[in-house]
Amino acid sequence: MSEIALTVQSLQKSFKEQQVLHDVSFNVRKGEITALLGPNGAGKSTTIRSIMGILYPDHGTIKFHGEKEGQIPKHKIGYLPEERGLYKNVKIMDILLYFAELKDYPLKKAKERALSYLKKFGLEGKDKVSIEELSKGMGQKVQFIASIIHEPELLILDEPFSGLDPVSQEVFKEEIRELARNGTAILLSAHQMNLVEEMADRLIMIHKGREVISGTMDEVKREYASFKCTIHGQNEEKKLQAIPFVNRVEQQDNVSVLFLDQDLKAADWIRRLPADIHIEEFRLDRISLHEIFIDVASDRTLAAEEEEKYA
Ligand SMILES: Nc1ncnc2c1ncn2[C@@H]1O[C@H](COP(=O)(O)OP(=O)(O)OP(=O)(O)O)[C@@H](O)[C@H]1O
């Protein structure tokens with residue numbers, strides 16, 4: 001298993017009366033992408049801001065491995081904050097070199113890197129243009145370059161894909177993957193489950209400031225993503241609901257989606273389906289990260305777990 005770069009342990013944070021982080025713990029490893037997920041207001045940015053020393057947690061520890069206790073090695077960290085914004089009337093190259101200088105990075109090398117990244121992100125020849133002349137998405141690309149110009153060991157990206165078109169999202173995704181392949185430890189928060197599913201090695205999902213799911217992508221899928229079965233045909237919801245291992249049924253017109261329990265042996269379940277079900281089309285899929293997310297965000301998983309606990 002790869003080396004840990006950052007450990008967040010038992011983070012708690014309140015704003016006035018409201019406790020927004022209850023007990024958040026996770027590791028970020030070198031060469032891996034760790035996704036911090038959760039619905040709006042879950043506490044992702046509060047966690048990230050605590051890591052960056054912008055906010056002080058009420059309780060818990062944040063440890064950058066290889067550093068003294070309590071020290072934030074800012075020159076080794078790249079950070080893309082949720083709130084975007086660069087000096088509007090400064091030339092792009094000057095901005096990028098300013099960020100490199102802040103991190104004590106050699107300027108000649110920074111300039112080479114800046115030019116190469118601008119080219120990669122379709123901004124070739126824009127180095128002497130000021131930010132105000134760029135579109136929002138282009139500005140975001142520049143801000144992303146600013147966060148990686150100094151070759152950080154740990155990269156923290158707060159919603160890097162928001163506001164980008166699908167093509168730019170893919171470019172960002174590929175670049176973030178490439179950085180991880182080269183050993184960078186990456187923590188990112190995002191709402192685009194399809195992208196997260198394709199790129200993250202590990203994930204932690206928080207809801208109302210509490211950790212609800214965590215593990216490698218494979219572990220999470222195995223543990224939470226059971227199957228869903230889609231049946232086209234005229235069937236009574238009550239009848240489908242009564243089939244063993246059916247957790248819940250969603251029905252629209254003649255399409256029924258059966259969400260199945262986690263510890264199901266798929267072939268066995270299919271074999272034992274009642275013979276009188278009307279089937280025009282039949283599909284069995286793993287549920288996606290997107291659906292797990294919706295489940296968590298709408299408290300369905302939590303409600304089911306509570307029910308089980310008190311059954
Ligand atoms: N400075 C602040 N003062 C008071 N409350 C705050 C402050 N910052 C965040 N909060 C509250 O903390 C909670 C978590 O906010 P946070 O920004 O961490 O969520 P998030 O998961 O990043 O959400 P989003 O996906 O919408 O960006 C919210 O209820 C928010 O209103």
Side-chain angles (χ1 to χ4, degrees), residues 28 31-40 42 44-45 48-49 52 77-100 103 110-152 154-203 217 288-290 293:
V28 181
E32 285 191 356
I33 300 171
T34 302
L36 180 60
L37 308 173
N40 293 131
K44 303 178 296 294
S45 294
I48 288 177
R49 289 188 189 124
M52 291 307 299
I77 305 178
Y79 173 46
L80 179 73
E82 188 186 24
E83 55 287 342
R84 316 282 189 239
L86 293 168
Y87 300 105
K88 293 255 176 283
N89 51 2
V90 181
K91 290 195 179 77
I92 288 169
M93 182 57 82
D94 293 344
I95 287 178
L96 295 175
L97 294 182
Y98 168 74
F99 273 89
K103 310 278 179 163
K111 194 165 182 179
E112 283 165 14
R113 279 173 64 76
L115 289 172
S116 131
Y117 271 112
L118 288 172
K119 187 171 174 191
K120 203 176 212 174
F121 288 151
L123 295 172
E124 199 175 11
K126 299 266 190 221
D127 50 312
K128 293 190 183 68
V129 163
S130 61
I131 287 283
E132 63 192 345
E133 295 173 68
L134 298 183
S135 74
K136 204 170 102 211
M138 286 168 163
Q140 189 159 331
K141 288 177 181 172
V142 174
Q143 197 158 352
F144 179 78
I145 300 171
S147 73
I148 55 172
I149 191 86
H150 59 295
E151 298 184 73
L154 171 65
L155 179 60
I156 299 179
L157 305 168
D158 201 347
E159 301 195 16
F161 304 111
S162 69
L164 292 179
D165 67 47
V167 175
S168 301
Q169 287 187 349
E170 279 299 309
V171 175
F172 265 47
K173 187 186 90 184
E174 279 314 310
E175 186 52 39
I176 295 167
R177 264 185 168 165
E178 180 68 21
L179 288 164
R181 265 198 294 275
N182 291 333
T184 313
I186 297 172
L187 174 68
L188 64 84
S189 82
H191 288 293
Q192 296 75 6
M193 291 303 122
N194 56 333
L195 294 176
V196 170
E197 193 160 2
E198 285 164 22
M199 69 192 296
D201 300 288
R202 284 169 200 279
L203 61 89
M217 190 62 80
S288 64
L289 191 58
H290 176 84
F293 183 92

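The first residue of the sequence shown is numbered 1, and numbering continues consecutively from there.
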For [Y], does its backbone N or O pair with a side-chain atom of [X] as donor and acceptor, under 3.5 Å?
| X | Y | answer |
| --- | --- | --- |
| K173 | M199 | no |
| H150 | I77 | yes |
| R202 | T34 | no |
| Q140 | S162 | yes |

Heavy-atom pair with the smallest gap, counting every atom of [X] and [Y]:
| X | Y | answer |
| --- | --- | --- |
| L289 | L37 | CD2-CD1, 4.3 Å |
| E198 | R177 | O-NH2, 2.6 Å |
| L80 | Q143 | CD1-CG, 3.6 Å |
| S130 | N89 | CB-C, 3.9 Å |
| I148 | P152 | O-CD, 3.5 Å |
| D201 | G31 | OD2-O, 4.3 Å |

How many angstroms lie between atom [atom1] of [X] and atom [atom2] of [Y], to the nearest 0.5 angstrom?
| X | Y | atom1 | atom2 | value |
| --- | --- | --- | --- | --- |
| T184 | L155 | OG1 | CG | 7.0 Å |
| E133 | K91 | CD | NZ | 9.5 Å |
| Q192 | Q169 | CD | CD | 5.0 Å |
| F172 | L157 | CZ | CG | 8.5 Å |
| S45 | M52 | OG | CE | 12.5 Å |
| M193 | F293 | CE | CZ | 4.5 Å |

Just wondering, do [Y] and [X] contact through their side chains at under 4.5 Å, heavy atoms?
| X | Y | result |
| --- | --- | --- |
| I176 | F144 | yes |
| L115 | M93 | yes |
| S168 | F161 | no |
| D158 | P81 | no |
| I92 | I131 | yes |

Is it the case that more than 12 heavy atoms not belonging to K111 sit under 6.0 Å from its NZ atom? no
H191 vs K44, side chain to side chain contact (heavy atoms under 4.5 Å, CB included): CA-CA, chis, key distance, verdict: CA-CA 11 Å; H191 288 293; K44 303 178 296 294; 3.6 Å; yes
Full working for side chain to side chain contact (heavy atoms under 4.5 Å, CB included) between K120 and V171: CA-CA 9 Å; K120 203 176 212 174; V171 175; 5.7 Å; no
Salt-bridged, R49 to E82, with N to O below 4.0 Å?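 A salt bridge links R49 with E82.
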Test side chain to side chain contact (heavy atoms under 4.5 Å, CB included) on F99 and I145 and set out the steps. CA-CA 10 Å; F99 273 89; I145 300 171; over 6 Å; no
